[in-house]
There are 2 protein chains.
Amino acid sequence: MSPWFRDNVEALAAYTPGYQPADRSAIKINTNENPYPPSPKVFEALARLDGESLRRYPPVLWDEFRRAAAAVHGVEPEMIMAGNGGDELLAILVRCCCGPRRPLAYPVPTYSLYPVLAAIQDAGVREIPFGADYAIPEALSETAAGLTILCNPNAPTASFVPVDRIAELAGRLDHVLLIDEAYVDFAEDNCLRLLAECPNVVILRSMSKGYSLAGMRFGYVIGAKRIIETMIKVKDSYNVNIAAQAAATAAIRDRDYFDRNVRRIIDERERLRIALGELGFGVGDSRTNFLLAAISRPPARKVYEKLTERNIYVRYFNQEGLADKLRISVGTSAQNDALREALEEIIRQG
Amino acid sequence: MSPWFRDNVEALAAYTPGYQPADRSAIKINTNENPYPPSPKVFEALARLDGESLRRYPPVLWDEFRRAAAAVHGVEPEMIMAGNGGDELLAILVRCCCGPRRPLAYPVPTYSLYPVLAAIQDAGVREIPFGADYAIPEALSETAAGLTILCNPNAPTASFVPVDRIAELAGRLDHVLLIDEAYVDFAEDNCLRLLAECPNVVILRSMSKGYSLAGMRFGYVIGAKRIIETMIKVKDSYNVNIAAQAAATAAIRDRDYFDRNVRRIIDERERLRIALGELGFGVGDSRTNFLLAAISRPPARKVYEKLTERNIYVRYFNQEGLADKLRISVGTSAQNDALREALEEIIRQG
């Protein structure tokens, strides 16, 4: 019998999403969810969904969301594509650009989904280690890849590459450069202005973090029409359901709520960063809604396990450059205080 | 400059979804949507979505839906995989099984998305014309494909292949056979019992038709764990949002509403079939929520255009074997009456 599945799929090691504890009282700060609820306007929009909305197929091109997002970002609606979460849009662009002899390039460490998406396409990867202070590595412009992805701000390092450096990289590449800005709502700058000067740049945004909509799965890409039109050819006809379209449109329109929501995360992040530093963690600057915190005694893995015993879930990556670190999402004030107290105790006990 | 996109993507002719008129008073019977709203339990489930549900990532493996569907179908939860609409699951399985030297086989005419999914994978297609009365063609078991899809009941022909014939086909294939049962809620039989005897069979179900949830995008696959586990490796981590999971779970649990909803469509379908026959259309049996109606004078295309002028949208496929036919979704009694009256007038005017 011939194998049922393609060799690359048989061999595939799937992406491992963060653990989802069944206990709702757990402190879950392991997947960079926003600890606060979304805008009240989102619930109003969901309450307006009627039988007609549910029985009909949703808009193919997310017309209302496109208009709302275009107004927010100052671009044309046709430069925007929505997806069932940022992950779908990553997969679609990799599908458009990568395959055998068209590898996927990205600096590491970064979002560990990227190599999985390449493997699904039977494409190789060009993993180039970040430079000092997580700067763009020189070799990233010489990979002869089919697509380059730069996660900025980067996960799990929380670091941010200056936009001018990204413009230089884009100018040197003969292929599409995707800037994964899933965390950019918590940074001071972003790559939107590159769209005018770099036709090969596309930007990915997520509504899971700054807009507190991880449960609704909504991401979008902003880029040149040529790229957007090609990505649309490859998507499922009705790739975003009516509830997600309604929720995302309401959320992106409520600028006041968004600004306040982001502001309180940033304030908490800085408070937590100081607290972790006082506990002896090595914590760099963060332009995201999480912190990457290094500790050697007790070993990071042990701290992770002790936190888990206390019903506090952070993320531990057992891989090069990360084995001595914990990735900690910024929670509410109360959650961050509970984390600090737990860490104090764990460190005291050694 | 190297091309930005893969050759097969550049060359791709995208799937064309049915037209979506902006006018909500239009009679839209062109995409086989259910004319009735979903169960009231669906709205109750959506109203229960709170800030916690929305800010957190949704369950990775749709636990509640899996349990509910497993109970309905008498299978284990691990034999079920949910997707962002049936289209996502079709794309995932094609991604697992098809590629260069692993073509996609299916009898034609059928759902025109299949060749698009193959092209995205840079896979060829083996299109085998249906036999007389839309029987499975002999040659379908000799394609040496990577995957065979049989849409049953079939769109757009509304025909149904007996399950015993499908078992024979499955036994002759050395690869996976997907039965696309998107329309099976309106048929008397289905392929569920084949799962016990044919390890290479997987079944696709949709909640867009019988459950009136096209807007929520929810489909699922039932099959052997080996196939389900492989498909899960290839999916996005959080491929179905919390609203769709909640809605689908509530809908599949409400068996009474489902049965009544399906019953009234079938009753209307038979009433409409007789009416179209009386108007001179050639209409075969239907095991779906639509009818394929043949007419030569006036030509089908002209009838389609005249209906559109009257704000009635049906589907016309300008392709071999279908150019003299209209595909008409079963609407409400009032919609079907309005259609009949419009057709009467159009035919009278010639």
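Letters go in sequence order (proteins before strands), and every chain restarts at 1.
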Review point. Is it the backbone or the side chain of B/Asn200 that comes under 4.5 Å from a heavy atom of chain A, or both, or neither?
Key: both
Check your understanding: Hey, are the side chains of B/Trp4 and A/Asp174 touching, using non-hydrogen atoms and a 4.5 Å cut-off?
Key -> no
Review point. In terms of heavy-atom proximity below 4.5 Å to chain A, should B/Leu113 be classed as side chain, backbone, both, or neither?
Key: neither
Practice item. Kindly give the heavy-atom pair with the smallest separation between A/Arg24 and B/Glu52, and that separation in Å. Key: NH1-CB, 3.3 Å
Practice item. Give the member of B/Arg217, B/Glu33, B/Arg6 that has the highest number of heavy-atom pairs under 4.5 Å with chain A. Key: B/Arg6
Review point. Between the side chain of B/Arg55 and the main-chain N/O of A/Ser212, is any donor-acceptor distance below 3.5 Å?
Key: no
Exercise for review: Please say whether more than 12 non-hydrogen atoms of neighbouring residues, nucleotides or ligands are located less than 6.0 Å from CZ in B/Arg101.
Suggested key: no
Check your understanding: Between B/Tyr211 and A/Leu54, is a side-chain contact (heavy atoms from CB on, under 4.5 Å) present by the stated rule, with each step listed?
Key -> CA-CA 10 Å; B/Tyr211 294 90; A/Leu54 267 51; over 6 Å; no
Point to revise | Separation between CG of A/Asp122 and CG of B/Asp122, rounded to the nearest 0.5 Å | key: 11.0 Å
Exercise for review: Give the minimum heavy-atom separation between B/Phe43 and A/Leu49, together with the two atoms involved.
Suggested key: CE2-O, 3.6 Å
Revision key, fill the gap. Most heavy-atom pairs under 4.5 Å with chain B, out of A/Thr230, A/Ile120, A/Asp63, belong to A/Thr230
**Study point:** Proximal component of B/Tyr36, with respect to chain A [non-hydrogen, under 4.5 Å]
**Key:** backbone
**Study point:** For chain A, the option from B/Ala91, B/Pro59, B/Pro40 that forms the most heavy-atom pairs under 4.5 Å
**Key:** B/Pro59
Exercise for review: Name the region of A/Ile232, side chain, backbone, both or neither, that has any atom closer than 4.5 Å to a heavy atom of chain B.
Suggested key: neither
Point to revise | Other residues, nucleotides, ligands: >12 heavy atoms within 6.0 Å of B/Asp23 CG | key: yes
**Study point:** Structural part of B/Glu10 lying under 4.5 Å from a heavy atom of chain A
**Key:** both
Practice item. Return yes if some donor-acceptor pair links the side-chain N/O of B/Gln20 with the main-chain N/O of A/Pro58 below 3.5 Å, else return no. Key: yes
Review point. Under a 4.5 Å heavy-atom cut-off, does chain B meet the side chain of A/Ser53, its backbone, both or neither?
Key: backbone
Revision key, fill the gap. Note: B/Asn241 and A/Gly215 closest approach over all heavy atoms is CB-O, 3.3 Å
Review point. Heavy-atom distance under 4.5 Å between the side chains of B/Val9 and A/Arg95, does that happen here?
Key: no
Study note, to complete from the structure: Rounded to the nearest 0.5 Å, the CD1 atom of A/Ile242 sits from the CG atom of B/Leu213 at a distance of 12.5 Å
Review point. Below 4.5 Å, heavy atoms only, C-beta onward: do B/Ser208 and A/Tyr57 meet side chain to side chain?
Key: yes
Revision key, fill the gap. Within residues 81-90 of chain B, contacts to chain A at heavy-atom distances under 4.5 Å involve B/Asn84, B/Asp87, B/Glu88
Practice item. Among the options B/Asp50, B/Leu46, B/Asn8, pick out the one with the most heavy-atom pairs lying under 4.5 Å from chain A. Key: B/Asp50
Check your understanding: Do you know which of A/Pro38, A/Gly18, A/Ala119 has the most heavy-atom pairs with chain B at a distance under 4.5 angstrom?
Key -> A/Pro38
Point to revise | Heavy-atom side-chain proximity of B/Lys233 to A/Tyr15 below 4.5 angstrom | key: no
Exercise for review: Could you have a look at B/Gly51, B/Cys96, B/Cys97 and say which one has the most heavy-atom pairs with chain A under 4.5 angstrom?
Suggested key: B/Cys96
Review point. How about A/Phe5 and B/Arg226: do any of their side-chain heavy atoms sit closer than 4.5 Å?
Key: yes
Review point. Checking A/Lys235 against chain B: side chain, backbone, both or neither under 4.5 Å from a heavy atom?
Key: neither
Practice item. Go through B/Val176, B/Asn239, B/Val60 and name the one with the most non-hydrogen pairs under 4.5 angstrom from chain A. Key: B/Val60
Review point. Among B/Pro37, B/Ala13, B/Cys98, who wins on heavy-atom pairs under 4.5 Å with chain A?
Key: B/Cys98
